[in-house]
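First the structure, in the form of structure tokens, and then the observations on it.
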Amino acid sequence: MKHTSGRPVRLGPRSVAALVLVSLIGIAAFTWPLFADAGSAVTSHAGDAPWLFAALLPLLVAVVIATIADCGMDAKAVAMLGVLAAVGAALRPLGAGTAGLEPMFFLMVLSGRVLGPGFGFVLGSVTMFASALLTGGVGPWMPFQMLSMGWFTMGAGLLPAPHGLRGRGELLMLSAYGFVAAFAYGTVMNLQGWVLLQGLSSGISFEPGAALHENLVRFLAYVVATSLGWDLGRAALTVVLTLTIGSTLLKALRRATRRANFEAQVTFEGPKKGAPGEAAHRTYVTYEPK
């Protein structure tokens, strides 16, 4: 038997293609109002959210199928994804209304680290979708939240040294990522809501048709004035939870992936020629590293 450790859910060519496609669509969805004409009939996200959501769901399924096809995984991985999404959805309401304290971000960081970027992206998106259904937070912002959380969790799966770094060093790296990524998540989501603020004659409101650099300056002022404190609470809680209970949860997640056989793929080979008189019907089982 041959077995070497590798990333539990690696990225293959089909997984990369699916993630690139959904990310490009997401970037276009967030940024197109910045390039729309002032006289355009649509200059905000008021009408594009249903179309984005309709495109996002099959793309998420495509990412899962591509990851399974690349890695040869079975239904255990999908079942684990569902369990983690349910836990994350249950955690989100615990502090979402208080200074940005959202414990689900800490779970997404650790899950993305263990499961890898492909399943991490799907986990973040599905968790946000389930949370919206659970809390009644369904609205035009939901598909944008799904994309942002998918990127947030995927980033944790792309961090270096998935097997060469353990212990305190890994927790410090995850904490630093969680701190920075929590601000990035808030900034990206601000972009979705900010373009709805039009015609307010304010130095921080979106100005349809204005030069890109002018609107970016307005946007930065808007972020500082409205959400910096909220994002700081989210980032601080992510760091505290990662440093205090992150080690225990990482061990539990890795134990679960081992039991689900994420790390090795079993293949069956036909009979091999042996010494004279040796039974010809012997079957050989090989464990291939991912």
Side-chain angles (χ1 to χ4, degrees), residues 9 15 18-31 45 49 52-53 55-64 67 80-97 100-159 174 177-193 227 230-231 233-235 237-239 241-242 249 253:
V9 185
S15 307
L19 286 172
V20 168
L21 177 59
V22 70
S23 294
L24 289 176
I25 292 175
I27 292 171
F30 272 102
T31 60
H45 296 301
L52 177 60
F53 182 69
L56 185 58
L57 289 184
L59 286 172
L60 291 178
V61 175
V63 173
V64 174
T67 305
M80 184 173 180
L81 195 71
V83 171
L84 289 173
V87 174
L91 283 176
R92 191 178 179 218
L94 296 182
L101 301 179
E102 298 177 86
M104 70 169 289
F105 281 79
F106 137 80
L107 176 63
M108 295 298 104
V109 170
L110 301 188
S111 299
R113 174 67 171 174
V114 173
L115 290 174
F119 264 46
F121 180 87
V122 178
L123 172 62
S125 299
V126 172
T127 300
M128 193 57 74
F129 176 67
S131 171
L133 296 181
L134 181 66
T135 61
V138 178
W141 54 84
M142 186 180 69
F144 296 94
Q145 287 179 328
M146 292 170 64
L147 279 167
S148 299
M149 185 55 71
W151 288 329
F152 178 91
T153 314
M154 179 179 70
L158 292 172
L159 292 173
L174 293 175
Y177 170 79
F179 186 85
V180 174
F183 281 97
Y185 172 88
T187 301
V188 170
M189 282 307 303
N190 281 331
L191 183 59
Q192 179 269 331
S227 69
W230 187 278
D231 294 338
R234 178 192 300 121
L237 181 63
T238 301
V239 170
L241 292 178
T242 300
L249 185 54
L253 289 171

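None of these values were measured; they are calculated from a predicted model.
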query: Checking side chain to side chain contact (heavy atoms under 4.5 Å, CB included) for the pair F152/L147: CA distance, chi angles, key distance, verdict?
result: CA-CA 9 Å; F152 178 91; L147 279 167; over 6 Å; no

Say you draw a straight line from [atom1] of [X] to [atom2] of [Y]; how long is it, rounded to the nearest 0.5 Å?
X	Y	atom1	atom2	answer
N190	F183	CG	CZ	11.5 Å
T153	L115	OG1	CG	10.0 Å
L158	R113	CG	CZ	10.5 Å
L237	F179	CG	CZ	12.5 Å
M128	M108	CE	CE	8.5 Å

message: Checking L241 against L107 for the side chain to side chain contact (heavy atoms under 4.5 Å, CB included) test, could you report, in this order, the C-alpha distance in whole Å, the side-chain angles of both residues, the deciding distance, and whether it holds?
response: CA-CA 9 Å; L241 292 178; L107 176 63; over 6 Å; no

For a quick test of reading the model, state the closest non-hydrogen atom pair linking [X] to [Y] and the distance between them.
X	Y	result
G150	S125	CA-OG, 3.7 Å
M154	S23	CE-OG, 4.5 Å
V109	G178	CG2-CA, 4.1 Å
S111	L123	CB-CD2, 3.4 Å

Derivation of the side chain to side chain contact (heavy atoms under 4.5 Å, CB included) call for E102 and W230: CA-CA 10 Å; E102 298 177 86; W230 187 278; 4.1 Å; yes

message: Does the plane of the ring in W151 sit parallel, tilted or perpendicular to the ring in F30? Use 30° and 60° as the thresholds.
response: tilted

task: Describe, in one word, how the ring planes of F105 and Y185 are oriented to each other, choosing from parallel (under 30°), tilted (30 to 60°) and perpendicular (over 60°).
output: perpendicular

Polar side-chain atom of R92 near backbone of M104 as donor-acceptor pair, under 3.5 Å: no

task: Look at the side chain of S131 and the backbone N and O of T127, then say whether any donor-acceptor pair between them is shorter than 3.5 Å.
output: no

The single option from Q145, M142, M149 passing side chain to side chain contact (heavy atoms under 4.5 Å, CB included) against F129: M142

